[in-house]
Structures are given as C-alpha cells and as structure tokens.
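Numbers here simply count residues along the sequence, with the first being 1. Read the numbers this way: they start at 1 and go in the same order the structure lists the ligands and their atoms. This structure is a prediction, so every number in the text was calculated from the model and none was measured.
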Amino acid sequence: MDYYYSLISPPCQSAYLLAKKLGITLNLKVTNVHDPVQRDALTKLNPQHTIPTLVDNGHVVWESYAIVTYLAETYAKDDTLYPKDPKVRSIVNQRLFFDIGTLYKQIIDIIHLVFKKEQPSDEQMEKLTKALDLLERFVTERPYAAADHLTVADFCLLSSVSALSWLKHDLEPFPHIRAWLERVKAELPEYEEFRKQVEAETKAYVASRK
Ligand SMILES: N[C@@H](CCC(=O)N[C@@H](CS)C(=O)NCC(=O)O)C(=O)O
C-alpha cells in the first residue's frame with residue numbers, strides 16, 4: 001500500500017498512526033507538495049494534489065478522514081475502531097466532521113497566518129477556544145472522543161490537538177483534553193518515537209522557512 005505523506009502534516013499523521021495500530025506496513029512515499037515535480041506526480045493520482053493519499057492495490061483514496069475509515073473498515077479485525085452500529089457510527093462521524101470543519105479548520109487557519117507572520121484576530125482565537133471547549137465536553141462525557149473505547153475519531157482529533165504545539169497554545173484550561181491525550185497516546189504503538197520524529201522534522205521545516 002503506497003502512502004504519499006509528510007510526517008509534519010497533521011492529516012497525514014492520523015492515517016499513519018492508524019495503519020501502525022492496525023499492523024499495516026505502508027510503503028511510505030515522502031512527498032513535498034511544494035516541489036513541482038513531486039506535486040505533478042501526486043496530481044496524476046489525486047487531482048486535488050493533497051497529502052495524505054493512499055493507493056491500495058490501484059485503489060486511490062485521499063482526504064485523511066476517508067483514509068482512516070477505509071483502513072478501519074477494510075483491515076481491522078473487528079468494528080471497534082469504526083463501529084457498524086448506525087447510532088454509534090453517527091457519533092464517530094460527527095466527531096470526524098467536527099474535526100475537519102471546525103477544530104482542525106480553526107487550527108490550520110491560524111497556523112497559516114502565523115507562518116505569514118500575521119496575527120490571528122480575536123474572533124479567530126475565540127472560535128478556536130469554542131472548538132476546544134466542545135472537545136473538552138466530548139471527552140468529559142466519554143473517556144474517548146466518540147465512545148468508551150478508541151475509534152478513528154481519536155486518531156484525527158489527536159493529530160489536530162497535537163498541531164497546537166505549532167502555536168504553543170496552552171491546554172492548561174482543558175484538563176479532560178489533557179487526560180484524553182494521555183489515554184489515547186498510551187494505546188498507540190511507539191508513539192513517543194513517532195512524536196520525536198515529527199518534532200525533528202517540524203524543526204527542520206521551520207528552519208528552512210527562515
Ligand atoms: N482535508 C484534507 C487536508 C489535506 C491537506 O490540505 N494537506 C496539505 C498538507 S497538510 C496539502 O496536501 N496541501 C497541498 C495542496 O493543497 O496542494 C485531509 O484531511 O486530508
């Protein structure tokens with residue numbers, strides 16, 4: 001299975017960590033979307049030229065949320081990570097859509113501004129706080145983001161919340177999010193090693209932009 005990705009990209013991290021959890025060995029294709037040659041090659045597979053992009057035996061999937069659900073449905077030994085029960089699944093899906101449309105959206109919009117050395121507006125910061133308040137509520141109601149066990153939603157939300165480190169955003173006011181983060185990380189194989197790698201690559205990327 002080919003996986004076009006960059007470790008520093010939060011959407012790429014979700015499916016990478018899920019594949020590891022499922023024991024899938026990905027054929028990793030490190031991709032720099034800013035490099036015209038690599039971007040052209042990626043565009044031949046994915047006209048939206050976004051990473052992550054997965055190619056499973058000729059079947060191409062992009063959008064990290066589509067990739068995590070595809071991997072869980074196709075390769076998990078049971079339906080725990082992406083429950084088949086429509087009511088439980090609807091909560092998992094709600095969390096995934098909350099992430100792409102609300103939480104990660106606020107985070108990445110602010111990260112892009114910071115890269116351009118611009119200040120986010122008070123309104124943007126308020127929206128981010130509101131999104132984090134919602135996540136705090138979700139993980140107060142349940143030990144994991146969508147259920148009483150790990151689901152694909154935890155992988156996506158973990159990557160988003162981890163991206164707050166780019167902004168040095170303080171999670172002190174969110175004790176349940178902090179406890180949930182520890183709970184999720186403890187279930188992921190070699191997570192500390194993974195995080196060290198992400199941090200090293202992030203540092204190199206930031207230095208290359210100066
Ligand atoms: N919603 C998408 C976002 C993917 C995305 O925007 N990836 C960025 C890297 S973090 C990218 O590939 N940008 C290149 C481009 O949009 O051309 C997902 O979850 O996969």
Side-chain angles (χ1 to χ4, degrees), residues 1-22 24 26-56 59-74 81-82 92-116 118 120 124 127-128 131 135 145-146 151-167 169 184 194-195 197-209:
M1 225 182 290
D2 292 341
Y3 189 60
Y4 295 79
Y5 85 120
S6 158
L7 211 52
I8 68 171
S9 148
C12 295
Q13 293 165 9
S14 324
Y16 179 96
L17 287 170
L18 180 69
K20 231 180 161 98
K21 179 77 178 169
L22 293 174
I24 297 169
L26 296 170
N27 180 27
L28 296 171
K29 305 246 184 209
V30 177
T31 303
N32 177 354
V33 284
H34 305 294
D35 176 287
V37 175
Q38 293 184 39
R39 190 181 169 91
D40 280 356
L42 179 65
T43 307
K44 290 199 176 90
L45 293 167
N46 165 0
Q48 208 179 335
H49 45 73
T50 50
I51 49 168
T53 295
L54 179 82
V55 186
D56 184 13
H59 177 62
V60 185
V61 191
W62 67 91
E63 281 294 340
S64 56
Y65 305 85
I67 297 174
V68 292
T69 53
Y70 171 78
L71 287 177
E73 288 205 288
T74 314
L81 286 164
Y82 194 42
V92 176
N93 288 340
Q94 184 275 320
R95 303 311 196 232
L96 294 176
F97 301 144
F98 161 76
D99 191 39
I100 191 172
T102 302
L103 179 62
Y104 185 64
K105 186 183 174 349
Q106 300 309 330
I107 295 172
I108 196 64
D109 285 354
I110 296 173
I111 289 177
H112 284 150
L113 280 179
V114 170
F115 276 170
K116 289 191 282 178
E118 287 174 26
Q124 275 175 304
K127 280 188 182 167
L128 173 60
L135 179 60
T151 68
V152 291
D154 294 290
F155 289 79
C156 296
L157 289 160
L158 168 70
S159 301
S160 298
V161 173
S162 302
L164 287 169
S165 64
W166 288 83
L167 304 172
H169 195 78
V184 173
F194 163 81
R195 205 60 224 167
Q197 247 176 291
V198 171
E199 267 147 37
E201 290 196 21
T202 304
K203 226 174 171 178
Y205 177 73
V206 171
S208 75
R209 292 181 58 97

What residue and heavy atom of the protein are closest to atom 3 (C) of ligand 1, and at what distance?
-> P11 CG, 4.2 Å
Contact atoms of ligand 1, heavy-atom distance to P52 under 4.0 Å | 20 (O)
Step by step, work out the salt bridge (charged side-chain N to carboxylate O under 4.0 Å, His left out) result for E199 and R195.
-> CA-CA 6 Å; E199 267 147 37; R195 205 60 224 167; 3.5 Å; yes
Positive for side-chain contact (heavy atoms from CB on, under 4.5 Å) with K105, one of L103, I107, D109 | D109
Under 4.0 Å from one or more heavy atoms of I100, ligand 1 contributes atoms 1 (N)
When you look at N93 and Y82, which way does the side-chain hydrogen bond (donor to acceptor under 3.5 Å, both in side chains) test go after all the steps?
-> CA-CA 9 Å; N93 288 340; Y82 194 42; 2.7 Å; yes
Criterion side-chain contact (heavy atoms from CB on, under 4.5 Å) on L54 and V60, from CA distance to verdict = CA-CA 6 Å; L54 179 82; V60 185; over 6 Å; no
Look only at interatomic distance and state if S64 has a nitrogen or oxygen under 3.5 Å from any nitrogen or oxygen of ligand 1.
-> yes
Looking at atom 10 (S) of ligand 1, what's its closest protein heavy atom, distance included?
-> S9 OG, 3.2 Å
With no hydrogens and no angle check, do the side chains of S14 and S159 hold a donor and an acceptor under 3.5 Å apart?
-> yes
Examine ligand 1 and decide if any of its atoms is less than 4.0 Å from a heavy atom belonging to R39.
-> yes
Nearest to atom 7 (N) of ligand 1 by heavy atom, L42, I51, T50: which?
-> I51
Nearest non-hydrogen protein atom, atom 2 (C) of ligand 1 = E63 OE1, 3.1 Å
Looking only at protein heavy atoms, what sits closest to atom 17 (O) of ligand 1 is H49 ND1, 2.8 Å
Assess whether side-chain hydrogen bond (donor to acceptor under 3.5 Å, both in side chains) is satisfied between D99 and Y65, documenting all intermediate values.
-> CA-CA 9 Å; D99 191 39; Y65 305 85; 2.8 Å; yes
Of all protein heavy atoms, the one nearest atom 13 (N) of ligand 1 is V33 CG2, 4.0 Å
How are the rings of Y70 and H59 set to each other: parallel, tilted or perpendicular (split at 30° and 60°)?
-> tilted
Verify whether the ring centers belonging to F115 and W166 lie closer than 6.0 Å.
-> yes
Return a yes/no value for Y65: is any of its N or O atoms, backbone included, closer than 3.5 angstrom to an N or O of ligand 1?
-> no
